[in-house]
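Sequence lines set the chain letters: A, B, ... in the order given, protein chains first and strands last, and positions in each chain run from 1.
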Amino acid sequence: MQQVETIIEKHKGRPGTLIPILLDIQNEYRYLPEEALVMVSEKLSVPLSRIYSLATFYKAFSLKPRGKHSVSVCLGTACHVQGSTLIIEKFERDLSVKRGQTTKDLSFDLEEVHCVGCCGLAPVVTVDKDLYGKVTLTKVPSILKKYRSATAEPVN
Amino acid sequence: MVKVTIDGLEIEVEEETTILKAARQLGITIPALCYNELIEPYAVCRLCVVELQRGQRTRLVTACNYPLRESVVIRTNSERVQRLRRMNIELLMARAPGAKIIQDLAAEMGIERTRFPIEDSDEKCILCGLCVQACSDVVQAYALGFSERGSKRVIGPPYDTTPETCILCGACAYFCPTGHIKMTDTDGRILHSELTLGPNAAISLPFRQAIPNVPRVDPDYCIHMKTGGCELCVKVCQKEAINFTELAQDSFEEFEVGAVIMATGFQDFDPTPMKQYGYGNLPNVLTADEFERMNNAASPTGGRIVMENGEEPRTIAILHCVGSRDEKYHKYCSRVCCMYALKFAHLVREKTSAEVYQLYIDMRSSGKGYEEFYQRILDEGVNVIRGKGAEVVPAYQKRRGEGGLLVCCEDTLIGKYREIPVDMVVLCTALEARADASEIGRKFNISTGADGWFIEAHPKLAPVSTTTEGIYLAGACQGQKDIPHSVAQGMAAAVQVVKMFCQGELLMDAAYAEIVEDICSGCRICNGLCPYNAISYDVEKKVSAVNPAMCKACGTCVAACPSGAITGRHFTDEQIYAQIEGILA
């Protein structure tokens, strides 16, 4: 919890710092641990119920530990037509999770999104900030492999 | 001031008054579910929509939070408003099908069922947030909040567990319009209730028939005392009788006194463990105390004898010896029950036309005029059955009786088992020593007997004194007794005190323990042993000293002193040896 204290210290004294603090904690731990929220509540004198409301309201925050890499499969119209349902099912099989869940080893989150704005590349998958276009079923294992070995180089 | 027209009626109100308040002043009802005048309106239920006309343009606004600033025309019940309200109530019905108040409001609008899909048929929460606002704005405990969003939005404490900040005040349950929030007694932290008429709050009468009969604020449960917020009572008390600055100055004061009269009284036996009488489970089974309270002119019923449904009972059974003369509970006779039970019968006959059954083991009417009163009750037509009430059951369990309850007993005078259908049962509960009697006794150095009553110095010759000089007993703390006896004992105790004060000095027994300071090693063994707390330790001289006024010459310290420093005056070893020698000579 040392980091939480440093994060709070960094933002302290300025109004409207609750969300930036929570964002920093989220980045640090990849989720918002209960103890961290309690600490923020005590240090900023903001009721825990308010912080909890906020933390559950925004999708950027998670109360459960999130994976190291976030895999988003687009299910928008163009991707859907190009068979993205099969792609996301393949991810579900390969990662042994359902969409919206995190793998047991906390390495991947699997999310469905609805259009990332590059329908020309459909079907589209994003991993963290990397974008993969014209994904096929056979490309799925190689994408995952890149992040498993932690040497992330996007292929197009 | 602005002049507005509501449903054709003109009214002049102060600026910023809400439409709802203005309408209420005119006596116009606007349905509102999530509105509470003690809480800032949040306009969630949307049932209070009204049509607002400014010039030629009309629009729909929520009455609860729309402040009036200019002259407008408002229609609270137009076709358009009604249509929208019906839609809203249908949506609410689908959202919270379990809430009776919504069903009732819908029925008023002529809607029986909703067209929208119902997810959970028991759901009562309409997410109005009154509880959240009550918890944060009024109580300032901030234990409740909204979480998630959109269709997943729920109200609850963080992480769905009872938070430390929750002070169990019950404000959320109080403000909840649909009855979704209920207080449950998980660890006995919820209070008792006054005649089970409703949940108790921080402001209540200290006990039934308290003198003075005015409510008091219990700082242990007062929200303001805990969080500094709330103060709702101050807002609603029209007499401005609540003064928190005065309350905050409550303090403990110490007095030095020369004598103490213990008059701590008794407590009522709780008949809940006696399952056969159904107290707490069956309706209209009352304890004598509750029945007495009901008969009081200042009671919630105004002194009328009524059942829980508000109707007058047709038959009442009064059961004697509940907890008294019972091997399992108290072996003793409580002495007062027979007579007050007869008084109850008299009151019932006087106030109602109900039949009264008295179920007794023995009628103990010994006292001046008591037997005559018993005869009078018999003449009044009260049914007196010799036989202890065995069981009280709901009537339908045994057979269909005329009342809701059935009292089973053996009538030992006719030698028959009887089942008496009644509407109400009064349990004459035993008088018992207060639960804290032994603790208080220890503080004042008076012992308690097997039943928990304080023990007097001598049952015949010193019935008001205790073994500790200057402490006297009065009333039911010394044993079960009625009012005349309590008064007599109280007066006797007062005289004892006055006698002591008039003398100006205390008459002591010549025999008491003495410590020879030169021999005392200051080990302090005797200090803790003295049953009368008569020995104290002198820090300067480093020796123990006996207070002769408190010493009862029991000799415990004399025997215990390892250095032989303590002698009992008039009981010295030499004296006793001399006596033995005298006998033997």
Side-chain angles (χ1 to χ4, degrees), chain A residues 1 4 7-8 15-26 29-66 70 72 75-76 98-102 109-115, chain B residues 34 39-40 42-44 125-176 180-181 183 223-231:
Chain A
M1 287 297 117
V4 179
I7 291 169
I8 296 170
T17 50
L18 183 56
I19 290 180
I21 287 175
L22 293 186
L23 274 172
D24 281 1
I25 296 171
Q26 172 80 35
Y29 295 93
R30 282 185 275 121
Y31 80 113
L32 299 175
E34 187 173 342
E35 306 87 73
L37 294 191
V38 171
M39 192 184 239
V40 171
S41 155
E42 280 165 8
K43 295 255 168 175
L44 299 186
S45 316
V46 176
L48 186 64
S49 56
R50 291 256 165 95
I51 299 179
Y52 187 79
S53 280
L54 207 84
T56 53
F57 187 88
Y58 291 109
K59 251 200 148 179
F61 300 125
S62 167
L63 294 179
K64 281 191 222 129
R66 294 284 282 269
S70 161
S72 302
L75 295 182
K98 289 260 177 287
R99 55 198 83 176
Q101 293 178 339
T102 306
D109 287 332
L110 182 61
E111 298 284 345
E112 55 172 63
V113 290
H114 299 276
C115 199
Chain B
C34 72
I39 284 178
E40 191 73 15
Y42 193 37
V44 166
C125 182
I126 56 164
L127 295 173
C128 67
L130 270 182
C131 52
V132 177
Q133 284 191 78
C135 192
S136 46
D137 297 353
V138 177
V139 179
Q140 297 176 9
Y142 304 100
L144 278 176
F146 286 103
S147 51
E148 304 289 343
R149 61 174 166 173
S151 59
K152 287 184 186 159
R153 197 175 208 211
V154 286
I155 284 176
Y159 296 101
D160 224 3
T161 51
T162 312
E164 280 170 31
T165 45
C166 175
I167 55 170
L168 290 173
C169 64
C172 48
Y174 174 80
F175 283 106
C176 181
H180 172 62
I181 304 178
M183 297 291 282
I223 296 166
H224 177 76
M225 298 287 195
K226 280 183 181 169
T227 66
C230 193
E231 293 195 334

Point-to-point distance, once rounded to the nearest 0.5 Å, from CD1 of Ile19(A) to CD of Gln26(A):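 Going from CD1 on Ile19(A) over to CD on Gln26(A), the span is 12.5 Å.
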Atom OH of Tyr174(B): over 12 foreign heavy atoms under 6.0 Å: no
Sub-4.5 Å side-chain heavy-atom contact between Asp137(B) and Ile39(B): no
Asp109(A) and its salt bridge (charged side-chain N to carboxylate O under 4.0 Å, His left out) partner, picked from Arg99(A), Lys59(A), Lys98(A), Arg66(A): Arg66(A)
Largest heavy-atom contact set with chain B, pairs under 4.5 Å, which of Ser49(A), Pro47(A), Ala55(A): Ser49(A)
Interface residues of residues 146-155 of chain B facing chain A - non-hydrogen atoms under 4.5 Å apart: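 Phe146(B), Ser147(B), Glu148(B), Arg149(B) fall under the 4.5 Å cut-off.
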Heavy-atom proximity to chain B below 4.5 Å, by part of Leu54(A):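 Answer is neither: Leu54(A) stays 4.5 Å or more from chain B.
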Val44(B) vs Leu127(B), side-chain contact (heavy atoms from CB on, under 4.5 Å): CA-CA, chis, key distance, verdict: CA-CA 8 Å; Val44(B) 166; Leu127(B) 295 173; 5.6 Å; no
Worked verdict on Thr165(B) versus Leu48(A) for side-chain contact (heavy atoms from CB on, under 4.5 Å): CA-CA 9 Å; Thr165(B) 45; Leu48(A) 186 64; over 6 Å; no
Residue among Val4(A), Ile51(A), Val46(A), Val40(A) satisfying side-chain contact (heavy atoms from CB on, under 4.5 Å) with Ile21(A):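 Of Val4(A), Ile51(A), Val46(A), Val40(A), side-chain contact (heavy atoms from CB on, under 4.5 Å) with Ile21(A) is met by Val40(A) alone.
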